[in-house]
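Below, chain A is the first sequence line, B the second, and so on; all start at residue 1.
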2 protein chains.
Amino acid sequence: MGKPKNILFIMFDQLRWDYLSCAGHPHLQTPHIDALAAEGVRFTRAYVQSPVCGASRMSFYTGRYVHSHGATWNRVPLKVGERTIGDHLRDAGMDCWLVGKTHMKADDEGMAWLGIDRESVIGARVEQCGFDVWERDDGMRPEGPDGLYDEKYGAAVYNDWLRENGYHSANPWHDFANSGRKDDDPQEMASGWFLKNARKAAAIREDDSETPYMTSRAIAFMQQAGDTPWCLHLSYIKPHWPYIAPAPYNDMYGPEHVLAVARHKRELTEAHPVFKAFMDGRIGKAFSRDEVREAVIPAYMGLIKQCDDQMGRLFAWLRDTGRWDDTLIVLTSDHGDYLGDHWMGEKDLFHEPSVKVPLIIRDPSPQADVTRGSTCDALVEAIDLAPTFLEVAGGAERPHILEGRSLMPWLHGQTPDWRDYVVSEYDYSMNPAVSKLAKDPSSARLFMIADARWKFMHAEGMRPQLFDLQNDPLEYVDLGESAAHRDIIAQMNDRLAIWARRLSQRTTRTDAQIITERGRSPMRGITLGVYDEADLPQEMTQFYRGRPRPDQPS
Amino acid sequence: MGKPKNILFIMFDQLRWDYLSCAGHPHLQTPHIDALAAEGVRFTRAYVQSPVCGASRMSFYTGRYVHSHGATWNRVPLKVGERTIGDHLRDAGMDCWLVGKTHMKADDEGMAWLGIDRESVIGARVEQCGFDVWERDDGMRPEGPDGLYDEKYGAAVYNDWLRENGYHSANPWHDFANSGRKDDDPQEMASGWFLKNARKAAAIREDDSETPYMTSRAIAFMQQAGDTPWCLHLSYIKPHWPYIAPAPYNDMYGPEHVLAVARHKRELTEAHPVFKAFMDGRIGKAFSRDEVREAVIPAYMGLIKQCDDQMGRLFAWLRDTGRWDDTLIVLTSDHGDYLGDHWMGEKDLFHEPSVKVPLIIRDPSPQADVTRGSTCDALVEAIDLAPTFLEVAGGAERPHILEGRSLMPWLHGQTPDWRDYVVSEYDYSMNPAVSKLAKDPSSARLFMIADARWKFMHAEGMRPQLFDLQNDPLEYVDLGESAAHRDIIAQMNDRLAIWARRLSQRTTRTDAQIITERGRSPMRGITLGVYDEADLPQEMTQFYRGRPRPDQPS
């Protein structure tokens, strides 16, 4: 057993970093994920590049900051020309497949402009942010008066499969997998969209529900995979909303298992304008109600418990088939979930429950034996996975494109020279309530800088936020206006400026090419600043001396 | 006569802003360019986005900062996916053609990756930064021990034409158009590369030399142009080196017409490290010699005089054919030339002789009558031309892609709310001497911020430079370490940071689309933060109430 041959890149959606027993949750036991951590490294400070699905994922897939790739929010198309892990891995001889969610929105206009046919292999990959699609399912099939949120990738195959298996309705994803039934009328749907229904059992057999279904699809992919090394992105929608779980998971946890809410009254009175706008929104208000938390959190825990059981099933299959020994396994999430902490629901902002994610990596190779079962508190970013994968695939580094750094040294017990701070971003221009704070959609932007101790947030045109993670780990005390912390804030502003000025778009030339090309133009005849032929370097003199006399024109 | 129908976008290469009589040169009379200024607006503070050919041009053509498009130096490919004026204008129904130089290096790797065939119309445009090519000639055919600098676009067609016209040699561009003959042996070539030969007559009939040739090619294009509105980029290589002019232009000016050099001893003793590295290079040393300036500057003036005479010929043709009345004419340069000022030759840095360019625009429409013959001191950037052209073509604004702003209000006598400062950049990673100052090729970067009074230069990892353009218009006194100017420097750093954080890559969504899409997800069924169905908005309630009861699975 040497370097891993394959990569299994498992992503959950909206899984908080601390809702795992290996991360310290006292009530939620996740033995299978814990077992992966026991054989790998659990990164305790892994941050996403943006705490919202689409933007975060495009950073995972491109290995580039949101400020670089431009897909700043859900359904903002990733522009043609942005390479992804699929492109990089295939260059290194590794296939790259998708089972599940990406939230990719294709750049239809760009593809049309460049004549890229989505029916071609190249076009299909551009459309799917570089993946070959085994099954794409963005995991949701919401429907409202304006129609479906996503006709094509919203659980369409899964819905067909459900119907084939006896779940008859126009949208079994909603009506069975994500709805319970009313207590007073067991034939009447109780939609999972309504938070009060969260603890009901979804009207579906557990093994027909989304998480086991997607696990089966991943196993089906791996069963047929040939000798070519592969990376499989197995991307689950759960524990993302709708918050409703099939039996028995709906009933495993109750209000007695809900942790104390992490919020403080001073957050309401001293709120930064952007934070306040989110807290004052419908979601913030709802998750500040005890009855909402007591309904939703047990369901959320049940969904995670089901995910963990599916990890047990998946890992058993990997062990049985030998894949456990030749596959690098990565388990992470695209962002967290506030769950009422900080008077917030959902994600969007930069408190730890939202922007920090679980990240466990198991490298089967002997070089990783020294780190098995350890944790690593290095400041890790989502963009670090792409270069990690490229190293596994044996490809040359591409720092002129990939802005992250390979995590392999950490897995092998080395202590590389590492970054001092992580960066995350958020575009709130799509939020009708919050966007009132920005003068136009291009100004509605937030940046986070977090280092070992401090977390800083910059909002264009507004005051900063600052939290001392060491003395205030729950992030209650905003020091953004503290005179005693001016130097820290100035340092954070400097770091943000250095980061913002970074060279992110010179992607068509490697550093090595630049060094090779340096100073070559004289040898191709561009001899600047030479007054007299006698001043030429010898090789150029020979070149000029050897030239024939031109014929004068007739 | 209403809005102009066509655009004639004339660019010279390395033409200093102040080497025109309309800009105050006391010895160099440029009556034809002056006549254009007399009927248009001359912008007195127009800056290029980078004082080097390739990067500057890619900003002119894309309407985007170098930090956004990534083609940071000569021969760094412009990546596939960057749209240019050709793409924008064609969308608005205007053709966009090239006669002359672009310095475009195609992104071969990106084109291959995306399957874009350069033999197709789309591929040809991607390869040519959006232009349809009437004749591309990057204006130089240097050759050295390693071969030709540019086989394909380096005066290849012109060389064939010269040979057909009796100039027999392997490289008549060099041997005739850019070389004189030795005094002691009139058959022996005296290469224009050697600065001591600058005042010799190029061994070519004046009307066969490059500037008249390219003017003829532009006239040939316009003669055959049909009714479709066109933008023609007529892009001359001159007065760019080799500094040698055909008779009579070689002999029109002498040392007595060379202006006093603008340099100061304190520049040598107090030099910023980057500035010092350039000054200490072969070019800086050469142009600090009087004999070099006295040879080169008269030749440079002669080349400009020839350019002006060709403008006379071109403008006469336009008047004779009616094109003068339906064509917006723009005359500018891609950067300037130090010519020994500040102990420098060439360009590269941010002193006014290098980074400021001539910019004259004549709009034939009556709305522009109020500004004819005026100057405008607004802070203009090269990226402003693309949105100006798009407005002429009648296309909708594209601020999500184009980072400049239309100059049409200035041409029509309005005073728009305008930027407070301009930005220019420079990547010195390709310069073998100067690049020693940077720890790697991605750190070798400079930024300039200039406002109405101050000019600030930031070099990554080094001290800043600051000049007071009001009290020190020749930029001799570097205030970068002046305690009295700390606030100005801090303000300039803030401006640089704001600029660097700007949203430049969200090019796949317009502001209007974002505003339209705001808050639409509930109407497509994403109903977050709703505890009870009774809390739903009315239209959503109807939607839920109207749903049929699902059949339970068999």
**Request:** Pick one of side chain, backbone, both or neither for Trp241(A), based on which atoms fall under 4.5 Å of a heavy atom in chain B.
**Result:** side chain
**Request:** Working to the nearest 0.5 Å, report the span between CG of Leu195(B) and CG of Asp535(A).
**Result:** 9.0 Å
**Asked** Under the 3.5 angstrom rule, does the side chain of Arg524(B) hit a backbone N or O of Asp146(A) as a donor-acceptor pair?
**Response** yes
**Fill in**
Whatever's closer than 4.5 Å to a heavy atom in chain B on Arg282(A) counts as both
**Message:** Could you report the tightest heavy-atom contact between Ser521(A) and Tyr149(B), atom names first, then the distance?
**Reply:** CB-CE1, 4.5 Å
**Asked** Tell me, side chain or backbone of Ser191(B) under 4.5 Å from chain A's heavy atoms, or both, or neither?
**Response** side chain
**Prompt:** Picking from Leu148(A), Asp494(A), Val80(A), which has the most non-hydrogen pairs under 4.5 angstrom with chain B?
**Reply:** Leu148(A)
**Message:** Tell me which of these, Ser169(A), Ala286(A), Gly81(A), Ser120(A), has more heavy-atom pairs under 4.5 Å with chain B than the rest.
**Reply:** Gly81(A)
**Message:** Out of Arg83(A), His458(A), Lys285(A), return the one with the most heavy atom pairs under 4.5 angstrom to chain B.
**Reply:** Arg83(A)
**Message:** Shorter than 4.5 Å, heavy atoms on both sides: which option in Glu460(A), Glu346(A), Arg501(A), Glu82(A) has the most such pairs with chain B?
**Reply:** Arg501(A)
**Asked** For His174(A), is it the side chain, the backbone, both or neither that has a heavy atom under 4.5 Å from a heavy atom of chain B?
**Response** side chain
**Message:** Is Trp113(A) close to chain B through its backbone or its side chain, or both, or neither, when contacts mean heavy atoms under 4.5 Å?
**Reply:** both
**Request:** Pick one of side chain, backbone, both or neither for Leu528(B), based on which atoms fall under 4.5 Å of a heavy atom in chain A.
**Result:** both
**Closest-packed option against chain A by number of heavy-atom pairs under 4.5 Å, given Asn493(B), Val126(B), Asn74(B), Val292(B)** = Val292(B)
**Message:** On a heavy-atom basis, which atom in Gln505(A) and which in His67(B) lie closest, and how many Å separate them?
**Reply:** CG-O, 3.4 Å
**Message:** For chain B, which candidate among Thr510(A), Ile526(A), Leu536(A), Thr527(A) shows the most heavy-atom pairs at distances under 4.5 Å?
**Reply:** Ile526(A)
**Prompt:** Tell me, side chain or backbone of Ile122(A) under 4.5 Å from chain B's heavy atoms, or both, or neither?
**Reply:** side chain
**Request:** Identify the two heavy atoms, one from Thr507(B) and one from Lys79(A), that lie closest to each other, and give their separation to 0.1 Å.
**Result:** OG1-CD, 3.6 Å
**Prompt:** Checking Asp107(B) against chain A: side chain, backbone, both or neither under 4.5 Å from a heavy atom?
**Reply:** side chain
**Fill in**
Taking every heavy atom of Pro77(B) against every heavy atom of Thr508(A), the minimum-distance pair comes out as O-OG1, 2.8 Å
**Complete:** Closest non-hydrogen atoms of Pro441(B) and Ile514(A), given as atom of the first, atom of the second and distance, are CB-CG2, 3.9 Å
**Item:** Most contacts with chain A, counted as non-hydrogen pairs under 4.5 angstrom, among Ala198(B), Gly144(B), Pro399(B), Gly529(B)
**Value:** Gly144(B)
**Item:** Segment of Val76(A) engaging chain B (4.5 angstrom heavy-atom cut-off)
**Value:** both
**Message:** Quick check for you: among Ala497(B), Pro172(B), Gly147(B), which has the greatest number of heavy-atom pairs under 4.5 Å with chain A?
**Reply:** Gly147(B)
**Request:** Would you mind checking which part of Ile116(B) comes under 4.5 Å of any heavy atom in chain A, side chain (CB onward), backbone (N, CA, C, O), both or neither?
**Result:** side chain
**Prompt:** Can you say whether Leu162(A) sits under 4.5 Å from chain B via the side chain, the backbone, both, or neither, judging by heavy atoms?
**Reply:** neither
**Item:** Top contributor to chain A interface from Pro432(B), Ala433(B), Ser429(B) [non-hydrogen pairs under 4.5 Å]
**Value:** Ser429(B)
**Prompt:** Can you tell which of Arg520(A), Lys105(A), His69(A), Glu291(A) has the highest number of heavy-atom pairs within less than 4.5 Å of chain B?
**Reply:** Glu291(A)
**Request:** Could you tell me whether Glu517(A) and Arg75(B) have a side-chain N and a carboxylate O separated by less than 4.0 Å?
**Result:** no
**Complete:** When every non-hydrogen atom of Phe194(A) is compared with those of Asp532(B), the smallest separation belongs to CD2-C, 4.1 Å
**Item:** Which atoms of Asp208(B) approach chain A - backbone, side chain, both or neither, heavy atom under 4.5 Å
**Value:** neither
**Asked** Taking Glu188(B), Met189(B), Arg445(B) one by one, which has the highest count of heavy-atom pairs under 4.5 Å against chain A?
**Response** Arg445(B)
**Request:** Return the option, out of Gly345(B), Pro145(B), Gly123(B), with the maximum number of heavy-atom pairs under 4.5 Å with chain A.
**Result:** Pro145(B)
